[in-house]
Asks: 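Please see the structure below; I have some questions.
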Amino acid sequence: MAGTTIDLDSVTSCLMRPYDSLGLAAIERAGPASVEWRHAQSLERGLWLWAEYAPGLVVNRPSAMLRCSSKPCQSTMIRDAGFEYPETLITTDPEAAQEFLSRHGSVVYKSISSIRSIVARVTVAHQERLGDIQWCPTQFQEYIQGLDHRVHVVGDEIFSCTIESEAVDYRYASREGAAVEIRSVNLPDDCIERCRTLTACMGLTVAGIDLRRTPDGAWYCFEVNPSPAFTFFECDPEDAIATAMARLLTGGGGN
């Protein structure tokens, strides 16, 4: 609430949901040379430093979230945790990209960093523009058939659901005129343990993990989100994930 003062020394826990303050309309209007712009930058840096070193529980520490900002770095930890990972090519070489496409047939492309992008299949129209990748490293992955699962690790608790959609990227299904159906599901014990292991290896207390189970039963992991928008995936009318998050935050404890 505007005008409210919070003594940071009194904070015992917090949930970090990062936003770029420079994207706020008032800050954009003021411009880079303004007092408002400099104040926003200074305040944001200060809060990030506080979140890294503050006592108590911080969900999640900036240093832990930083480990998730690189998809190639994530892929190593995903494999180490025992999940499958799609064959991937990151390149600025059009010929290498064409060979990858020819070998796999069905391929998607996505961002390399933590910046959100729309996952899409490579089409004939895209292939005609492959020369453009020489100006920007691009990540290509073999397309994996199967059923999407979203897993939320909240402290010691696990919540999982299936996501059914005709869209390649169900987050943007409405843009394709496709529906999304989300159902709660119980994961096999070994898959749950892999999710716990992966979350711990990344130094996270809370994580949103994107999985896909293939028709032959293999579990692929695409990525781990250190600041998941879990409300989209709530299947419980009593908001089980939100309740677990509140329970975690009010329980104190440090990380």
Asks: Do Val108 and Phe140 land in one hydrophobic cluster if side-chain heavy atoms of ILVMFWY residues count as linked below 4.5 Å?
Replies: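 Different hydrophobic clusters.
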Asks: Please determine whether side-chain contact (heavy atoms from CB on, under 4.5 Å) holds for the pair Met16 and Val59, giving the CA-CA distance in whole Å, both sets of side-chain angles, and the decisive distance to 0.1 Å.
Replies: CA-CA 6 Å; Met16 298 292 291; Val59 180; over 6 Å; no
Asks: So, Glu44 side chain and Ser21 main chain: donor-acceptor pair closer than 3.5 Å or not?
Replies: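 Here the side-chain-to-backbone pair exists.
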Asks: When rounded to the nearest 0.5 angstrom, what distance separates OG in Ser13 from CG in Leu57?
Replies: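 So the gap between those two atoms works out to 5.5 Å.
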Asks: Set out, in order, the CA-CA distance, both residues' side-chain angles and the distance that settles side-chain contact (heavy atoms from CB on, under 4.5 Å) for Glu223 and Lys71, then state yes or no.
Replies: CA-CA 7 Å; Glu223 64 178 271; Lys71 300 293 174 57; 3.7 Å; yes
Asks: Does any part of the side chain of Trp37, heavy atoms only, come nearer than 4.5 Å to the side chain of Ile27, both counted from C-beta?
Replies: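 A side-chain contact under 4.5 Å exists here.
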Asks: Would you compute the distance between atom CD1 of Ile209 and atom NE2 of His149 and round it to the nearest 0.5 angstrom?
Replies: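 Output value for this atom pair is 13.0 Å.
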Asks: Looking at Pro228 and Arg17, what are the two nearest heavy atoms and their distance?
Replies: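 Smallest heavy-atom distance, with atoms named: C-NH1, 3.8 Å.
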Asks: Using the rule given for side chain to side chain donor-acceptor pair (under 3.5 Å), can you reason through Asp93 versus Thr91, listing the C-alpha separation, both sets of side-chain angles and the distance that settles it, and then say yes or no?
Replies: CA-CA 5 Å; Asp93 182 348; Thr91 186; 5.2 Å; no
Asks: Which distance, rounded to the nearest 0.5 Å, do you find between the OG1 of Thr5 and the CG of Leu8?
Replies: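 So the gap between those two atoms works out to 10.5 Å.
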Asks: Between Val153, Asp80, Ile78, Val151, which is the residue that forms a side-chain contact (heavy atoms from CB on, under 4.5 Å) with Leu198?
Replies: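 Of Val153, Asp80, Ile78, Val151, side-chain contact (heavy atoms from CB on, under 4.5 Å) with Leu198 is met by Ile78 alone.
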Asks: Where the side chain of Arg212 meets the backbone of Leu147, is there a donor-acceptor pair that is under 3.5 Å apart?
Replies: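 No: the side chain of Arg212 does not pair with the backbone of Leu147.
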Asks: Hydrophobic clusters here meaning ILVMFWY residues chained together by side-chain heavy-atom distances under 4.5 Å, can you tell me if Tyr85 and Val224 are in one?
Replies: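 Yes, it is one cluster - the side chains of Tyr85 and Val224 are joined through contacts under 4.5 Å.
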Asks: Going only through I, L, V, M, F, W and Y residues with side-chain contacts under 4.5 Å, is there a path from Trp50 to Ile6?
Replies: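 Yes, Trp50 and Ile6 fall within the same hydrophobic cluster.
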Asks: What's the shortest heavy-atom distance between Pro226 and Asn60, and which atoms?
Replies: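 The answer is O-ND2, 2.8 Å.
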Asks: Cation over ring, Arg194 on Phe83, under 6.0 Å and within 45°?
Replies: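 Yes, Arg194 lies over the aromatic ring of Phe83.
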Asks: Mind listing the closest non-hydrogen atom pair of Cys161 and Cys235 along with its distance?
Replies: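 Residues Cys161 and Cys235, closest heavy atoms: CB-SG, 3.8 Å.
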Asks: Counting only heavy atoms not in Glu99, do more than 12 fall under 6.0 Å of its CD?
Replies: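 More than 12 heavy atoms, drawn from other residues, nucleotides or ligands, come within 6.0 Å of this atom.
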Asks: Checking Phe159 now: which residues fulfil ring pair (Phe, Tyr, Trp, His ring centres under 6.0 Å) with it, not counting sequence neighbours?
Replies: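 Residues passing ring pair (Phe, Tyr, Trp, His ring centres under 6.0 Å) with Phe159: none at all.
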Asks: Without swapping roles, check the side chain of Arg150 against the backbone of Ser160 for a donor-acceptor pair under 3.5 Å.
Replies: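 Looks like no, no N/O pair under 3.5 Å.
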Asks: Mind listing the closest non-hydrogen atom pair of Ser165 and Ala173 along with its distance?
Replies: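 In this case the closest contact between Ser165 and Ala173 is OG-CB, 3.7 Å.
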Asks: I need the minimum non-hydrogen distance between Ile112 and Pro72, along with the two atoms involved.
Replies: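 Shortest heavy-atom separation between Ile112 and Pro72 comes out as CG2-CD, 3.6 Å.
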Asks: Thinking salt bridges, do Arg247 and Glu157 make one under a 4.0 Å N-O criterion?
Replies: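 Looking at Arg247 and Glu157, the cut-off is met.
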Asks: Could you tell me the separation between the SG atom of Cys195 and the CG atom of Asp190, rounded to the nearest 0.5 Å?
Replies: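 Taking SG in Cys195 and CG in Asp190, the distance rounds to 10.0 Å.
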Asks: Using a strict 4.0 Å threshold on nitrogen-to-oxygen distance, state whether Arg103 and Glu87 make a salt bridge.
Replies: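 A salt bridge links Arg103 with Glu87.
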Asks: Do Glu234 side-chain atoms and Ala240 backbone N/O form a donor-acceptor pair below 3.5 Å?
Replies: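 Yes.
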Asks: Compile the donor-acceptor pairs under 3.5 Å between side chains in residues 122-134 and protein atoms, sequence neighbours left out, one pair per line.
Replies:
{"residue": "Thr123", "atom": "OG1", "partner": "Ala125", "partner atom": "N", "Å": "3.4"}
{"residue": "Thr123", "atom": "OG1", "partner": "His126", "partner atom": "N", "Å": "3.3"}
{"residue": "Thr123", "atom": "OG1", "partner": "His126", "partner atom": "ND1", "Å": "3.1"}
{"residue": "His126", "atom": "ND1", "partner": "Arg121", "partner atom": "O", "Å": "3.4"}
{"residue": "His126", "atom": "ND1", "partner": "Thr123", "partner atom": "N", "Å": "2.9"}
{"residue": "His126", "atom": "NE2", "partner": "Tyr109", "partner atom": "OH", "Å": "3.3"}
{"residue": "Gln127", "atom": "OE1", "partner": "Gln98", "partner atom": "NE2", "Å": "3.4"}
{"residue": "Gln134", "atom": "NE2", "partner": "Gly131", "partner atom": "O", "Å": "3.0"}

Asks: Is Thr92 close to Trp135 at the side-chain level, that is, under 4.5 Å between some pair of heavy atoms?
Replies: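 No - every pair of side-chain heavy atoms lies 4.5 Å or more apart.
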Asks: Without hydrogens or angle criteria, can the side chains of Gln139 and Thr88 be said to hold a donor-acceptor pair below 3.5 Å?
Replies: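 Checked: Gln139/Thr88 side chains show no N/O donor-acceptor pair below 3.5 Å.
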Asks: Using side-chain contact (heavy atoms from CB on, under 4.5 Å), reason through Val180 and Ile163 one step at a time and then give a plain yes or no.
Replies: CA-CA 7 Å; Val180 177; Ile163 307 101; 3.6 Å; yes
Asks: Hydrophobic clustering (ILVMFWY, side-chain heavy atoms < 4.5 Å, transitive) - are Ile192 and Trp219 grouped together?
Replies: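 Per the 4.5 Å side-chain linkage, Trp219 and Ile192 are co-clustered.
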Asks: Indicate yes or no for a side-chain donor-acceptor contact from Ser174 to the backbone of Gly177 under 3.5 Å, with no hydrogens or angles considered.
Replies: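 Not a single qualifying donor-acceptor pair exists.
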Asks: Are the side chain of Arg196 and the backbone N or O of Asp156 linked by a donor-acceptor pair below 3.5 Å?
Replies: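 Between the backbone of Asp156 and the side chain of Arg196 there is a qualifying donor-acceptor contact (under 3.5 Å).
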Asks: To the nearest 0.5 Å, how far apart are OG1 in Thr231 and CE in Met245?
Replies: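 Output value for this atom pair is 10.0 Å.
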Asks: Is any NZ, NE, NH1 or NH2 atom of the basic residue among Glu181 and Arg183 found under 4.0 Å from an Asp or Glu carboxylate oxygen of the other?
Replies: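 Salt bridge: yes.
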Asks: With a 4.5 Å limit on heavy-atom distance, are the side chains of Trp48 and Met65 in contact?
Replies: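 The answer is yes, as the side chains (C-beta and beyond) meet within the 4.5 Å cut-off.
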Asks: Counting only heavy atoms not in Asp189 (residues, nucleotides, ligands), do more than 12 fall under 6.0 Å from its CG?
Replies: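 No, because the 6.0 Å sphere around CG of Asp189 holds 12 heavy atoms or fewer from other groups.
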Asks: Which atoms form the tightest heavy-atom contact between Cys201 and Met77, and what is the distance?
Replies: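 The pair with the smallest heavy-atom distance is O-SD, 4.3 Å.
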Asks: Mind checking whether Val206 and Leu249 sit in one hydrophobic cluster, side chains of I, L, V, M, F, W, Y counted as touching below 4.5 Å?
Replies: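 Linked, Val206 and Leu249 end up in one cluster.
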Asks: What distance do Leu211 atom CG and Glu84 atom CD have between them, rounded to the nearest 0.5 Å?
Replies: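 So the CG of Leu211 and the CD of Glu84 are separated by 12.0 Å.
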Asks: If a pair satisfies ring pair (Phe, Tyr, Trp, His ring centres under 6.0 Å) and one of its residues is in residues 222-242, list it, with sequence neighbours excluded.
Replies: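 Sorted result for residues 222-242: His152-Phe233.
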Asks: Determine whether Leu204 and Cys68 make a side-chain contact, defined as any pair of heavy atoms from C-beta on separated by less than 4.5 Å.
Replies: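 They are in side-chain contact.
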Asks: Determine yes or no for a side-chain-to-main-chain donor-acceptor pair under 3.5 angstrom, with Ser42 supplying the side chain and His39 the backbone.
Replies: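 Not a single qualifying donor-acceptor pair exists.
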Asks: For Asn186, is the CG atom crowded, meaning more than 12 foreign heavy atoms sit under 6.0 Å from it?
Replies: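 Atom CG in Asn186 is not crowded, with 12 or fewer foreign heavy atoms closer than 6.0 Å.
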Asks: Yes or no on side-chain contact (heavy atoms from CB on, under 4.5 Å) for Glu164 and Asp148, after CA distance, side-chain angles and deciding distance?
Replies: CA-CA 7 Å; Glu164 294 188 61; Asp148 285 312; over 6 Å; no
Asks: Checking Thr138 side chain against Cys136 main chain: does a donor-acceptor pair fall under 3.5 Å?
Replies: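 The answer is yes, because a donor-acceptor pair under 3.5 Å joins these two groups.
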